[in-house]
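Letters A, B, ... mirror the listed sequences (proteins, then strands); counts begin at 1. Below, all heavy atoms of this structure are taken into account, side chains as well, without hydrogens, waters or symmetry copies. What you are looking at is a predicted structure, and each value in this text was computed from that prediction instead of being measured.
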2 protein chains.
Amino acid sequence: MAKYIKKHISRLEALPESVRQLLKAARLKQGWTQAELGRRIGLPQMHISAIETGKIVPRFDTLLDLARILDYDILLVPKTLVPVMQSLMRNQDSEEQRPLYASDDEIE
Amino acid sequence: MAKYIKKHISRLEALPESVRQLLKAARLKQGWTQAELGRRIGLPQMHISAIETGKIVPRFDTLLDLARILDYDILLVPKTLVPVMQSLMRNQDSEEQRPLYASDDEIE
DNA sequence: CTAAACTATATGCTATAATATATAACATAT
DNA sequence: ATATGTTATATATTATAGCATATAGTTTAG
């Protein structure tokens, strides 16, 4: 049976820049402060700051809470469909505002 | 300044069932055991099991590693686009196989 | 310029993801 | 039925997300 290779070397890296930018932009679009956003999902202001500045990588459920309160959702999609989805987001972009897609740049 | 409300009551719940089903299905599609999958991203078999069975909620970067090695990606998308994306995934579904989209059921 | 609002950083603590190892439970094949 | 491969559970430790509070910077409004 194959053993894992890495020995206690954390895989941890910061959230992708694009994700953090998007979260911040979405928060500002709602006109919320970090404290106001945190209040809505039960996180202290300090934590929102840490996430936006890349100090920590949130758990998946935390990111999902954040996304949803900010009118986003998180989808697991087959790689083959990613380009199509990106163009969809860029189009909506034209008629609205933001560079709305994320998770494009590498996390490592 | 508004204070957060919840006092140390964890927001933690299991990963959405649909996400866990998808991860497992994608792993099996590749013909990988939990140990083999874990080896590829540096996680012990036990951890893969815990994620698939909903014992833990992984960090975002962990889920991203998992998704990508399984030929998926994670997108943050505006809620307004979710229905379109879902139908896109269902269509590809017809010509391929899985109910490919996730994060639809609630986490709380 | 000063005050107020907001954001980033600091410290200590708690909960839990992640690491490591072992083994029980389950499935599959011979 | 037993050996083999696979998955789930158990225990212990370490790393870090998250909680709570305080405060130092930074930005914005008057």
Tell me whether the OP1 or OP2 atom of D:dT7 has a side-chain N or O from B:Arg27 closer than 4.0 Å. yes
How close or far is atom P of D:dT16 from atom CG of A:Leu15, stated in whole angstroms? 15 Å
Listed nucleotide nearest any side-chain atom of B:Gln45, set D:dT7, C:dT19, D:dT21: D:dT7
Give one of base, sugar-phosphate or nothing for A:Thr33, where a contact means two heavy atoms less than 4.0 Å apart. sugar-phosphate
Test applied, side-chain hydrogen bond (donor to acceptor under 3.5 Å, both in side chains); reference residue, A:Glu52; option that passes from A:Arg20, A:Gln34, A:Lys24, A:His47: A:Gln34
How do B:Trp32 and A:Pro58 order along DNA chain D: which one's closest nucleotide is nearer the 5' end? B:Trp32
Atom CG of A:Leu28 and atom P of D:dT28: how far apart are they, to the nearest Å? 11 Å
D:dT7 P sits how many Å from B:Leu43 CG, rounded? 15 Å
Options D:dT9, D:dC19, C:dA8, nucleotide nearest the side-chain atoms of A:Thr53: C:dA8
Any donor-acceptor N/O pair, A:Thr53 side chain to A:Ser49 backbone, under 3.5 Å: yes
What's the closest nucleotide to the A:Lys55 side chain, out of C:dT19, D:dG18, C:dT9? C:dT9
Go through the steps to decide whether A:Met89 and B:Met85 satisfy the test side-chain contact (heavy atoms from CB on, under 4.5 Å), and finish with yes or no. CA-CA 10 Å; A:Met89 288 189 267; B:Met85 307 235 168; 3.9 Å; yes
Side-chain donor/acceptor contact of A:Glu52 with base of C:dA8 under 3.5 Å: no
Of the listed nucleotides (D:dT7, C:dA17, C:dA20), which one gets closest to any side-chain atom of A:Arg59? C:dA17
Would you mind reading off the distance between B:Ile51 atom CD1 and D:dA8 atom P, rounded to a whole angstrom? 12 Å
For side-chain contact (heavy atoms from CB on, under 4.5 Å), just list the numbers for A:Asp65 and A:Leu43, CA-CA rounded to whole Å, side-chain angles, deciding distance to a tenth of an Å, and then say yes or no. CA-CA 10 Å; A:Asp65 284 349; A:Leu43 288 183; over 6 Å; no
Rounded to whole Å, the NE2-C1' distance (B:His47 to D:dT14) equals 13 Å
Ignoring the backbone of B:Ser49, work out which of C:dT11, D:dA8, C:dA18 is nearest its side chain. D:dA8
Can you identify which nucleotide, out of D:dA10, C:dA17, D:dC19, has its nearest atom closest to the B:Met46 side chain? D:dA10
Distance criterion of 3.5 Å, no angle test: do you see the side chain of A:Gln34 paired donor-to-acceptor with the base of C:dA8? no
Measuring to OP1 and OP2 of C:dA18, would you say a side-chain N or O of B:Thr62 lies under 4.0 angstrom away? yes
Starting from C1' on C:dA18, measure out to CG on B:Asp65 and report it in whole angstrom. 13 Å
Rounded to the nearest Å, what distance is computed from the CD1 atom of residue A:Ile48 to the P atom of nucleotide C:dA8? 11 Å
Going only through I, L, V, M, F, W and Y residues with side-chain contacts under 4.5 Å, is there a path from A:Met46 to A:Leu37? no
Are B:Leu23 and B:Leu28 connected in the hydrophobic side-chain network, where two residues link if heavy atoms are under 4.5 Å apart? no
Consider the side chain of B:Val57, meaning its heavy atoms from C-beta on, and name the nucleotide among C:dT19, D:dA17, C:dA17 that approaches it most closely. C:dA17
d(CZ, B:Arg39; C1', C:dA18) in whole Å: 19 Å
